[in-house]
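Hydrogens, waters and symmetry mates play no part in the numbers below; they use all other heavy atoms, side chains included. Given the structure is predicted, the values throughout are model-derived calculations rather than measurements.
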Amino acid sequence: METRVSARELERPRIRRTLRRLDGPDGDIYLLDSGSTKDLKLEKVDETDRRLLRALDGTTALPDLEENFGPERVRGVIAALDTWGALEDAADDDRIAPDALERFDRQLRYFSDVSPERSPSQCQGQLEQATVAVLGVGGLGGWSALSLACCGIGKMILVDCDKVERSNLNRQVMYGEADIGRLKVEVAAEKLSALDSSIEIEVLSTRLESAGEIRTVVSDAQVVIDAVDWPAHYIEHWVNEACFDLGIPYISMSHSPPNARVGPFYLPGSTGCYACQEIAYKRQYPLYDLMVEQIAASPSPGAVVGPACAHIGGHVSLDLMHYLTGIAPPSTLGIAYIYDLRTMSYRQEPIHQEPDCPVCGGGV
């Protein structure tokens, strides 16, 4: 194998556990990466290098590997593998509490695969320290909160004024028949705590009626999930105003089968805002103001189905996990994805900053 200078010092080098080893003909070894088409072929590997490859399982410290196989050989093999992205440092496991290490094992492997710049312990630590405000814990907010709880979010602020109704049960996954009549935030807190007792949960059973009230509720959050639907149209402006005033990013979503919308993820100082979108809507649709007036006057008659809520909530929580860990920008950053639920085809609806926007001024 070609000798290169290693990009980093690994205490206990380990071949990434998601790679599959295949022994090929003529002494070749393949490391197959199921997450991409970038497989590694090691040609005509001799027996000593084969033993060294087997020893790269994270149980042996680098000095011991060098003593067993020789410093030059070890450094060369490790440099070649690490340059390709085939290695991780098993010593990072020691920086994670044993219970968390076992619980999030598969998630930590994902972090190792997609973000060599950040260690899995750093990624998981970012999630454990994060506070997410979930405005509305119905079909969309409930699925989003549940998915984030699976990831190990440290704190959630749950806000909803409604009680569980029988008609909720076709899509609102955290509630059952025995919960009918109970406050949604209380039941949701119980379900999330049952899933992960380490999550700190703050519940507010209140109706949000102004940007000022929202500003108070979300002021300690790193990110906000906008899944509240009352009062239609006005609530979007209140959330937008509060979050941009505080400099807190938020993500919105909606559901009107056969269509589902995920995003945009609004990032103050980087993207436009909801008010920018509305300015654009008014240019495109002459009847926009009349439509908004009628929407705000009556409840939505739209259909809603459970699987679509799961799809939307999963997309939302994945984007927030990427954002909070820093391993990737949210796919919805400044963009809404509009899905056709029958075919899963989609179109993108980007935000264009408006220079005369009264909230963000179009200045980023």
Exercise. Just checking, any donor-acceptor pair under 3.5 angstrom between side chains of S331 and D319?
Worked result: yes
Should [X] and [Y] count as an ion pair when the cut-off is N to O under 4.0 Å?
X    : Y    : result
D46  : R50  : no
D23  : R21  : yes
E349 : R347 : yes
K191 : D179 : yes

Problem set entry | R182 atom CZ, over 12 foreign heavy atoms within 6.0 Å |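 Result for CZ/R182: enclosed.
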For this session: Describe, in one word, how the ring planes of H311 and Y339 are oriented to each other, choosing from parallel (under 30°), tilted (30 to 60°) and perpendicular (over 60°).
Result: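 It falls in the perpendicular class, over 60°.
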Judged by atom type as modelled, is there a donor-acceptor pair below 3.5 Å linking the side chain of [X] to the main-chain atoms of [Y]?
X    : Y    : result
N170 : V304 : yes
D92  : S119 : no
D226 : I251 : no

Seminar exercise, completed: Contacts of S112 meeting side-chain contact (heavy atoms from CB on, under 4.5 Å) (sequence neighbours excluded), chain-then-number -> R16, E88, P120
For this session: Would you please name every residue forming a side-chain contact (heavy atoms from CB on, under 4.5 Å) with I351, sequence neighbours left out?
Result: P264, Y266, C276, Q277
Problem set entry | Listed partners of F111 passing ring pair (Phe, Tyr, Trp, His ring centres under 6.0 Å), at least two apart | none
Problem set entry | Qualifying residues under ring pair (Phe, Tyr, Trp, His ring centres under 6.0 Å), relative to H237, sequence neighbours excluded |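 H237 satisfies ring pair (Phe, Tyr, Trp, His ring centres under 6.0 Å) with H233, Y274 once adjacent residues are dropped.
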Problem set entry | Gap between atom OG1 of T131 and atom CG of L324 - 0.5 Å precision |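 Going from CG on L324 over to OG1 on T131, the span is 9.5 Å.
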Seminar exercise, completed: Separation between CG (D162) and CG (N168), nearest 0.5 Å, reads 7.5 Å
For this session: Check the pair Y250, N240 against side chain to side chain donor-acceptor pair (under 3.5 Å), reporting the backbone distance first and the verdict last.
Result: CA-CA 8 Å; Y250 78 98; N240 186 68; 3.0 Å; yes
Problem set entry | Steps toward salt bridge (charged side-chain N to carboxylate O under 4.0 Å, His left out) verdict (D93, R14) | CA-CA 11 Å; D93 294 351; R14 177 171 64 195; 3.1 Å; yes
Exercise. Taking only residues two or more places apart in sequence or in another chain, which ones pass side-chain hydrogen bond (donor to acceptor under 3.5 Å, both in side chains) with T60?
Worked result: none
Problem set entry | Trace of the salt bridge (charged side-chain N to carboxylate O under 4.0 Å, His left out) decision for K163 with E186 | CA-CA 9 Å; K163 295 181 179 180; E186 293 182 356; over 6 Å; no
Exercise. Which pairs count as side chain to side chain donor-acceptor pair (under 3.5 Å) when at least one residue sits in residues 205-218, sequence neighbours excluded?
Worked result: R215-D245
